[in-house]
Amino acid sequence: MWTKDIFDQQCRRCPRLNGFLDEVKEKHPTYYALPVPPFGDDDPRLLVVGLAPGMHGANASGRPFTGDYAGLLLYQTLYDFGYGSKAESKAVDDGLELRGCRITNAVKCLPPQNKPTGAEINQCNPFLAAEIASLPEGTIILALGSIAHQAVLKAYGLKLASARFGHNRVFPLPDGKTMVSSYHCSRYNVQTGRLTAEMFAEVFETIQSISG
Ligand code: URA
């Protein structure tokens with residue numbers, strides 16, 4: 001489905017991440033443990049950019065934010081705003097469809113401790129850049145967290161200082177797309193109240209107000 005510039009299942013560019021995926025696959029043979037492809041509409045008006053697959057979530061299931069705590073609020077909110085056919089994403093074969101929305105990650109492989117290095121983020125960035133470039137003017141990019149926000153800026157060759165990350169902030173992009181940034185819907189952010197369901201809904205209201 002994806003051209004190799006957008007997603008390459010065979011990608012082995014990051015030695016640390018490859019080695020880690022091999023270790024994880026040995027320990028958990030049923031886990032997907034490969035680069036996780038984007039999921040959703042072929043022709044989205046909203047592209048959600050996460051950070052990277054979680055060990056027992058996207059890395060296990062093979063679908064972004066699926067099995068990850070972070071997916072609970074994300075898929076519920078996508079459903080509430082009419083993008084999802086169901087409020088939960090359980091597995092690649094659960095029949096969930098996203099309409100008008102696609103989810104991708106700034107880094108496609110599981111990083112140890114959920115922390116990709118700067119070099120790994122850069123190594124994966126051409127895939128994100130190609131995915132963004134393949135989408136039309138008017139597309140909204142929802143960056144979840146500061147790393148995704150910075151990865152989107154990098155994908156455009158923009159200086160990180162050109163748009164400081166902030167929750168529910170809107171940044172016009174040079175090719176007629178728009179980035180909206182949000183705190184990541186991670187377990188930590190949700191459980192500490194840094195990101196509430198109401199705050200996340202406000203981000204989607206912002207997106208709706210832009211997309212008209
Ligand atoms: N799972 C993903 O696929 N991405 C994230 O950013 C977090 C969890």
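Position 1 is the first residue of the sequence; numbering continues from there.
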Between L46 and I132, is there a shared hydrophobic cluster once you connect ILVMFWY residues whose side-chain heavy atoms come closer than 4.5 Å?
-> no
Go through H184 and Y69 one step at a time and tell me if the ring-ring contact (aromatic ring centres under 6.0 Å, His included) criterion holds.
-> CA-CA 11 Å; H184 193 288; Y69 185 94; over 10 Å; no
Heavy-atom closest pair (P116 atom, P111 atom, distance to 0.1 Å) is N-CB, 3.6 Å
Report the residue from P38, C101, S182, P64 that forms a side chain to side chain contact (heavy atoms under 4.5 Å, CB included) with V48.
-> C101
D68 side chain reached by R187 side chain, heavy atoms, under 4.5 Å = no
Mutual orientation of the aromatic rings belonging to Y31 and H56 [parallel < 30°, tilted 30-60°, perpendicular > 60°] | perpendicular
Minimum heavy-atom distance between T66 and A91, given as atom pair plus value | CG2-N, 3.7 Å
Which pair of heavy atoms, one from L128 and one from K108, lies closest together, and at what distance?
-> N-NZ, 4.4 Å
Taking everything shown except K90 itself, do over 12 heavy atoms lie less than 6.0 Å from its NZ?
-> no
Angle class for the F165/H149 ring planes (parallel below 30°, perpendicular above 60°, tilted otherwise)?
-> perpendicular
Between R63 and D94, is there a salt bridge with N-O shorter than 4.0 Å?
-> yes
Shortest non-hydrogen contact from Y183 toward L195 = O-CD2, 3.6 Å
Close side-chain approach of V190 to F200, heavy-atom, < 4.5 Å = no
Check whether any side-chain heavy atom of R164 lies under 4.5 Å from a side-chain heavy atom of R169, and answer yes or no.
-> yes
Rounded distance (nearest 0.5 Å) linking atom CG of L51 with atom NZ of K115 = 10.5 Å
Can any side-chain N or O of T196 pair as donor or acceptor with the backbone N or O of G193 at less than 3.5 Å?
-> no
Within a strict 4.5 Å, meaning less than it, do heavy atoms of the F20 and C14 side chains meet?
-> no
